[in-house]
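The structure appears below as structure tokens.
Scope of the values below: all heavy atoms of this structure, side chains included, with no hydrogens, waters or symmetry mates. A note on names: the letters A, B, ... follow the listed sequences, proteins ahead of strands, and every chain is numbered from 1. From a predicted model like this one, the values you see are computed outputs, not experimental measurements.
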Amino acid sequence: MESNSKYNPSEVEDKWYSYWLNHRCFHSEPDSREPYTIVIPPPNVTGILHMGHVLNNTLNDVLVRKARMDGKNACWVPGTDHASIATESKVVARLKEKGIKKEDIGREKFLEYAWEWKEEHGGIILQQLRKLGASCDWDRTRFTMEPALTEAVISTFCHFYRKGWIYRGVRMVNWDPEALTAVSDDEVIHKDTKSHFYHLRYYVSDGNGNPTDKYLVIATTRPETIMADAAICVNPADERHHWLRGKKVIIPLIGREIPVIEDDYVEMDFGTGCLKVTPAHDAHDYEIGLRHNLPVLDIIDDHGCLNEKATILVGEDRFAARKKIVRMLEESGNLEKVEEYTSPVGYSERTNAVIEPKLSAQWFLKMEDLAKEALEAVESGRIKFIPDKYRNTYRHWMENAHDWCISRQLWWGQRIPAYYLPDGQIVVEENPELALSAARKLDPTVTAETLRQDDDVLDTWFSSWLWPISVFDPKFPGHPEHKKNRDLSYYYPTNDLVTGPDIIFFWVARMIMAGGEFMNEVPFRNVYFTGIVRDKLGRKMSKTLGNSPNPLELIDKYGADSVRLGMLLCSSAGNDILYDESQIEQGRNFCGKIWNSWRLVNGWRVDENAVQSETSRVAVKWFDNLLSRTIETVEDNYRKFRISDALMTIYKLFWDDYCSWYLELIKPAFGEAVDGATYEATVEFFTKLLKLIHPIMPFITEELWQSMAERRDGETIMFERTPVAGPYDAGLLDEFDRAREIIVGIRGIRAQKQIAPKQALSAMIEGNFSEELKPVVAKSAIVDKFLDAAPAGASVSFIVGTLKVSVPLEGFVNADEEKSKIEAELERQKNFLAGVRKKLSNETFVSHAPAAVVENERKKESDALARIEALQASLSKY
RNA sequence: GGGAGAUUAGCUCAGUUGGUUCAGAGCGUCUGCCUUACAAGCAGAGGGUCGGCGGUUCGAAUCCGUCAUCUCCCACCA
């Protein structure tokens, strides 16, 4: 086989991905094996791949490929999320380009456009994931808004409605008076805005609706809302206002009486300590209104203009009204003063209009019971969070869970299956036909035309919380048949979920709830939380900063394996990832190293009759033991989800131990052949290394594995078994480490004294050093002779553990220099000894510390003494 | 304002229940090498009183207190 001197990922990656697809290597069907299941966190259907996806899906793929090689029936279900808000705004923007407003074309036509857009651009991200090497079972690809899943979602709504957990309630929404729609909290941008703080006098009523000469002062930024005031509120602990208890005050200009109430919400040292309560136009005020049973008076219409309930300035825009009313208040003597004031004001992301808090009817799902069970699932350890710290966050939220507002004022999504009779009664049914017949039972005159379906759609999370269930069985999850579903009963619960901590409540918690409600079983065992990918300056990646690289360009430039490795290198669980292209370069370098290490071995001439050298024999034995120990470490890393540690462990094994030490030891001299035994061992080691790193670097490992031998069509490294750790001799590994230290020491002397690498040296090793490893030292450090007795001339010596290594260097050594070096080392050792002895002479230490610790101190003492003796012997020569 | 977490080498991070020869890794840095797999490489070297102060302990990077700085989540203040 001929191999290029450089690894070229672009030639290799598409070839093997097609090969895997053609042989359906990613496809899974239930069988007798243990399943290993992951469902993808579904990316937005119109999304494109960014670095966060790369991180998340690389981790998913590593876990899936590892499980597959562990012999499990691995299944990774891909799919996309309809993402109602994000997708709808994209479609709206696209229509806007054509000069079309969504209100003008109506719901049905809009949805046609939206589906068109989805068919055209949807799922691009799934294509992009293939470039990364993701081993998803593409036959199982799902979409949260596909008909079957939509049915499940609708049935789920009906289920909870019938259970009495879904109710209609009033809530403050962010109203965009220009777009005439409610927008989500995420779409509101808070900007510090200069405005004014108006101090207004409210005169106390005499009890008959007439003002007295006493008054209180409130401070407000929105004087145009005073007509909607329902009360004045003060803090009960605020003695300045106790005289107002039980009093009523009169709203300026309109003369309406409102009570003075007390509530802890009011800050005593903010403003004047008096708050005007306007339940219809402020979320907090609404809450206070509920507590004190205040009336709600809505004086602003959908366009942001005052309506007839305001009684004055009717029809005026809210900002125009503000200017006018200030003048009116000034004229009436109610305006005490005006302050400059800067406060955060919410603006619509889409229209930049100032958001108006507006009360509207919304649908809610009761969280109490669901949250309780979902909390227990994590507290009991049935679900593990990695890292564990997120349990606190989760607990805090679950103990304070508000009811879930599940309605959204959008069109792209699953429409709420609630139907209104003309008289306002509501029926909730799975489809319009059922709804009509249910409605007719209440009112026989109802027709399909007069029965009106709710305009809102369901929150996207109301479909994605079913994801781990519905990808396997899209029937309504509460359906009695669903437990018989072969896929669902085999694959559910899934094993691991990899996701970001930002959606722990939106998604993770709710999947746990749905699992508990419908399956009586958690949806996954482990949740691995990734960090957020940031640039190397720690900034979030964003389009506006332009600091987000295009993953596809990176894959093009460096190869998918390099990108995967680069991402994993810096990704300990739960920590933010500071991405830097140099990490991907490191991945590319590693690919080169792997590639070239095989070129070396593959280029050797093998002589089956040659006798294995002692060096090679020891090297093979050592690496075999090391491989076993390292595999054990790697398995442990995987068990603890320490993926970057697993990677680093293999990386060092491959590069340092295998390439730099092992291959250099067994490398035949120029022109010579390698013996058969060594060659076979080396090929086996290399094969194991490829398998170990395959889950992380699937492409290069497949390419090399395929090229190493004749493979049958359809064979793949993907289905090879993870190498297993055999027993190993820890003593041998330790002794080899000592040999390495000796070698590094001698090389260091060589570098320091500028002795040519090829010039052989002799050395004396004093102490108990394995005879077996002397050939290793000889070869790696270019030592041609081991001396038994101290040489007469000048030499340089150093200490490794309890061994003393001396290298005779007549002619290279400055005696004074060496002497002072030894003296310095002697001094250091004496200080060390003194420290150890101080500890040992401390009676409390000896009596309190465990015996093993004391014993170790004694060992330190005797070792130090031995070293001191050796150093003094060297010194005596000078 | 409430909550959570962090601070260890120039950078990014490990450091498992306090105790294994004066704290580890990767990258970067410095020095020397075109040594017949790889200069995207090889060999070698330097680099930290573990954020400050105080405490517990025979013993603290590790436990407690406190201060400082940073990050994230939630609420954003009439």
Say we look at B:G51 and B:C11: how far apart would their P atoms be, to the nearest angstrom?
14 Å

Across the strands shown, which category fits A:Arg642 at heavy-atom distances under 4.0 angstrom: base, sugar-phosphate, nothing?
sugar-phosphate

Just to be sure I understand the rule, does A:His396 reach a base, reach only the sugar-phosphate, or reach nothing, if contact means heavy atoms closer than 4.0 Å?
nothing

Aromatic ring proximity, centroids under 6.0 angstrom, A:Tyr390 and A:Phe385:
no

Check the distance between B:A14's C1' and A:Leu569's CG and give it to me in whole angstrom.
14 Å

Indicate, with yes or no, if the rings of A:Tyr658 and A:Phe685 have centres closer together than 6.0 Å.
no

Please list, chain by chain and in numerical order, all residues satisfying side chain to side chain contact (heavy atoms under 4.5 Å, CB included) with A:His196, sequence neighbours excluded.
A:Tyr198, A:Val338, A:Glu340

Mind checking which stems touch RNA chain B? I mean at least 3 consecutive Watson-Crick or G-U pairs, both distances under 3.5 Å.
B:1-7 with B:68-74, B:10-13 with B:24-27, B:29-33 with B:41-45, B:51-55 with B:63-67

Judged by atom type as modelled, is there a donor-acceptor pair below 3.5 Å linking the side chain of A:Asp403 to the main-chain atoms of A:Met367?
yes

Go through the structure and list residues passing ring-ring contact (aromatic ring centres under 6.0 Å, His included) with A:Trp397, not counting sequence neighbours.
A:Phe505

Taking the P atom of each, how far is B:U71 from B:C64, in whole Å?
24 Å

Take atom CD1 of A:Ile504 and atom C1' of B:A4, then tell me their distance rounded to the nearest Å.
11 Å

Kindly say whether A:Gln759 contributes a backbone atom to a donor-acceptor pair with the side chain of A:Arg750 at under 3.5 angstrom?
yes

For B:C22, does either OP1 or OP2 sit under 4.0 Å from a side-chain N or O belonging to A:Asn831?
no

Using a cut-off of 4.0 Å on non-hydrogen atoms, how would the nucleic acid contact of A:Tyr651 be classed: base, sugar-phosphate, or nothing?
sugar-phosphate

Which value, in whole Å, describes the distance between the P atoms of nucleotides B:C77 and B:G65?
34 Å

Could you go through nucleotides 10-12 of chain B and list every protein N or O atom that sits under 3.5 Å from one of its N or O atoms, giving the distance for each pair?
none

Mind checking side chain to side chain contact (heavy atoms under 4.5 Å, CB included) for A:Thr844 and listing every partner two or more places apart, or none if nothing turns up?
A:Asn842, A:His848

Residues forming a ring-ring contact (aromatic ring centres under 6.0 Å, His included) with A:Tyr579, sequence neighbours excluded:
none

B:U20 to B:C63 separation - P atoms, rounded to the nearest Å
16 Å

Hey, are A:Asn596 and A:Arg599 close enough side-chain-wise for a donor-acceptor pair under 3.5 Å?
yes

Under the salt bridge (charged side-chain N to carboxylate O under 4.0 Å, His left out) definition, can you give me all pairs with a residue in residues 275-289 of chain A, not counting sequence neighbours?
A:Asp229-A:Lys276

Tabulate atom names and distances for all N/O pairs under 3.5 angstrom spanning the protein and nucleotides 29-39 of chain B.
| from | atom 1 | to | atom 2 | distance (Å) |
| --- | --- | --- | --- | --- |
| B:A37 | O2' | A:Asn596 | OD1 | 3.0 |
| B:A37 | O2' | A:Arg599 | NH1 | 2.9 |
| B:A37 | N6 | A:Glu664 | OE2 | 3.0 |
| B:A37 | N3 | A:Asn596 | O | 3.0 |
| B:A37 | N3 | A:Ser597 | N | 3.4 |
| B:C38 | O4' | A:Asn596 | ND2 | 3.4 |
| B:C38 | O2 | A:Lys593 | NZ | 2.9 |
| B:C38 | N3 | A:Lys593 | NZ | 2.8 |

Can you tell me which residue pairs pass the salt bridge (charged side-chain N to carboxylate O under 4.0 Å, His left out) test with a partner in residues 844-856 of chain A, sequence neighbours excluded?
none

What distance, rounded to whole Å, do you find between the two C1' atoms, one in B:U31 and one in B:A39?
16 Å

Pick out the pairs of N or O atoms, protein on one side and nucleotides 45-48 of chain B on the other, that lie under 3.5 Å.
none

Phosphate oxygens OP1/OP2 of B:G41: is one of them under 4.0 Å from a side-chain N or O of A:Asn589?
yes

Sticking with atom C1', work out how far B:U29 lies from B:G47, rounded to a whole angstrom.
9 Å

When you measure from the side chain of A:Asn392, which nucleotide among B:G5, B:C73, B:G26 comes out closest?
B:G5

Donor-acceptor contact below 3.5 Å, side chain A:His241 vs main chain A:Glu262:
no

Between B:C27 and B:U7, how far is it from one P atom to the other, in whole Å?
23 Å

Say you pick atom C1' in B:A9 and the same atom in B:A4; how far apart are they, in whole Å?
28 Å

Check whether the side chains of A:Thr649 and A:Asn637 place a donor and an acceptor atom closer than 3.5 Å, and report yes or no.
yes

Taken to the nearest whole Å, CG/A:Asp645 to P/B:U16 is 12 Å

What's touching nucleotides 75-78 of chain B from the protein side, N or O pairs under 3.5 Å?
| from | atom 1 | to | atom 2 | distance (Å) |
| --- | --- | --- | --- | --- |
| B:C76 | OP1 | A:His284 | NE2 | 2.3 |
| B:A78 | OP2 | A:Tyr341 | OH | 2.3 |
| B:A78 | N6 | A:Glu267 | O | 3.0 |
| B:A78 | N6 | A:Phe270 | O | 2.8 |
| B:A78 | N1 | A:Glu267 | N | 3.3 |

Salt bridge (charged side-chain N to carboxylate O under 4.0 Å, His left out) contacts touching residues 650-671 of chain A (sequence neighbours left out)
A:Asp657-A:Arg740, A:Glu664-A:Lys667

5'-most contact on RNA chain B: A:Asp656 or A:Lys859, nearest heavy atom basis?
A:Lys859

Between A:Tyr394 and A:Glu399: side-chain donor-acceptor atoms closer than 3.5 Å:
no

Assess the side chains of A:Thr278 and A:Tyr286: does a donor N or O sit below 3.5 Å from an acceptor N or O?
no

Whole-Å distance separating the CD1 atom of A:Ile503 from the C1' atom of B:C72
16 Å

Give one of base, sugar-phosphate or nothing for A:Arg588, where a contact means two heavy atoms less than 4.0 Å apart.
base

For atom NZ of A:Lys389 and atom P of B:C73, their distance in whole Å
12 Å

Ring centres under 6.0 angstrom apart (A:Trp604, A:Tyr679)
no

Could you state the CZ-C1' distance from A:Phe385 to B:A4, rounded to the nearest angstrom?
14 Å

A:Ile755 CD1 to B:G44 P: how many Å, rounded?
15 Å

Expressed in angstrom and rounded to an integer, what is the separation of A:Lys652 atom NZ from B:G26 atom P?
5 Å

Spell out, as yes or no, whether a donor-acceptor pair under 3.5 Å connects the side chain of A:Thr678 to the backbone of A:Val674.
no

